[in-house]
Amino acid sequence: MDSLPTELLSRIFIDVLPPNLDDARYKVDDPPEVQATISCVCQRWNQVAESTAGLWTFIRLSEKTRSKGVIKRRLALSRSLPLSVSIRVSGRDVSLRDGLGYGNDESFQEMHALLVEQVVRWRTLRVEAEMERPSELRKWIPSELPNVVGLSLSLSALYTFPDD
């Protein structure tokens with residue numbers, strides 16, 4: 001593998017990503033395991049991975065997102081390429097409604113704001129939401145999506161049954 005040209009190795013890295021990452025119609029898992037595995041093999045692979053912007057264009061924001069640093073790093077590594085953005089929000093999480101995030105040190109809203117700053121780069125958007133009122137979606141989807149060519153919304157209504 002050491003003798004493979006950088007361009008070929010870069011292409012192989014992109015080809016091992018899950019299919020349909022850039023198609024909002026398909027639910028796909030976030031590929032951090034693939035990216036982390038590739039980056040940890042050796043120093044050369046790490047350098048090639050970090051210089052392969054296409055490897056970092058899928059960004060998922062959910063309760064599993066660790067910090068603003070994760071979002072910032074992916075945005076930086078993806079350079080100016082179009083992004084496939086996936087946002088998962090749940091109204092069940094009281095701390096989300098209170099602006100505290102999903103129990104992480106950094107708020108979900110701050111990480112979301114970092115993504116919204118790059119809305120002109122968004123090519124696809126997938127939103128999965130569980131909330132009591134669909135109107136709550138307005139805080140998570142920008143009012144203008146100038147370059148989005150694929151949009152998928154998956155809504156689940158939350159209903160709290162009254163105690164007897």
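Hydrogens, waters and symmetry mates are skipped; everything else that's a heavy atom, side chains included, is used.
Side-chain heavy atoms closer than 4.5 Å link hydrophobic residues (I, L, V, M, F, W, Y) into clusters, and following such links, even through other members, never connects V149 to F58. Both L151 and M131 are assigned to one and the same hydrophobic cluster, defined by single-linkage of ILVMFWY side chains at heavy-atom distances under 4.5 Å. Transitive grouping of hydrophobic side chains (ILVMFWY, heavy atoms separated by less than 4.5 Å) keeps V70 and L55 in distinct clusters. Hydrophobic clustering (ILVMFWY, side-chain heavy atoms < 4.5 Å, transitive): I59 and I14 are in distinct clusters. Placement of V127 and L114 within a single hydrophobic cluster is found when ILVMFWY residues are connected by side-chain heavy-atom separations under 4.5 Å, directly or transitively.
The side chain to side chain donor-acceptor pair (under 3.5 Å) check on Q47 picks up nothing, with sequence neighbours excluded. R79 meets the side chain to side chain donor-acceptor pair (under 3.5 Å) test with no other residue; sequence neighbours excluded. A search for side chain to side chain donor-acceptor pair (under 3.5 Å) contacts involving S39 returns nothing, not counting sequence neighbours.
The minimum heavy-atom distance linking A129 with L137 is given by the pair CB-CD2, 3.9 Å. For the residue pair I38 and W45, the shortest heavy atom distance occurs at O-CB, 3.4 Å. Here the shortest heavy-atom pairing between W140 and H112 reads O-NE2, 2.9 Å. I12 approaches L4 most closely through the heavy-atom pair CD1-CD1, 4.1 Å. Scanning both residues, T52 and S10, for their nearest heavy atoms gives OG1-OG, 2.8 Å. Nearest heavy-atom pair, R60 versus T65, reported as atom, atom and distance to 0.1 Å: O-OG1, 3.3 Å.
The CD atom of Q35 sits 11.5 Å away from the SG atom of C40 when rounded to the nearest 0.5 Å. Between the CG atom in L115 and the CD atom in Q118 there is a gap of 8.5 Å [rounded to 0.5 Å].
With respect to the salt-bridge test (charged N to carboxylate O, under 4.0 angstrom), the residues K72 and E117 do not qualify.
Side-chain N/O atoms of R121 and T57 include no donor and acceptor closer than 3.5 Å. Counted by atom type alone, R126 and S152 present one or more donor-acceptor pairs between their side chains at under 3.5 Å. Looking at S84 and T124, their side chains do bring a donor and an acceptor atom within 3.5 Å of each other.
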Would you check, one step at a time, whether the test side-chain contact (heavy atoms from CB on, under 4.5 Å) holds for W122 with N147? CA-CA 6 Å; W122 295 11; N147 297 311; over 6 Å; no

Apply side-chain contact (heavy atoms from CB on, under 4.5 Å) to L75 and L83, showing your working. CA-CA 9 Å; L75 289 171; L83 301 171; 3.6 Å; yes

Could you give me the CA-CA distance, side-chain angles and deciding distance for E130 and R88, then say whether side-chain contact (heavy atoms from CB on, under 4.5 Å) is met? CA-CA 8 Å; E130 294 176 343; R88 185 178 189 298; 3.5 Å; yes

Apply side-chain contact (heavy atoms from CB on, under 4.5 Å) to residues E128 and L155 and explain how you reach the verdict. CA-CA 6 Å; E128 297 174 68; L155 302 175; over 6 Å; no

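Between F108 and L61 the shortest side-chain heavy-atom distance falls below 4.5 Å. Looking only at side-chain heavy atoms (C-beta outward), V85 and R123 stay at 4.5 Å or farther from each other. The closest side-chain heavy-atom distance from P5 to E7 is below 4.5 Å. With contacts defined as side-chain heavy-atom distances shorter than 4.5 Å, the pair E63/V89 does not qualify.
Distance alone, capped at 3.5 Å, is enough to place a donor-acceptor pair between the S107 side chain and the E110 backbone. A donor-acceptor pair under 3.5 Å is formed between the side chain of W56 and the backbone N or O of A49.
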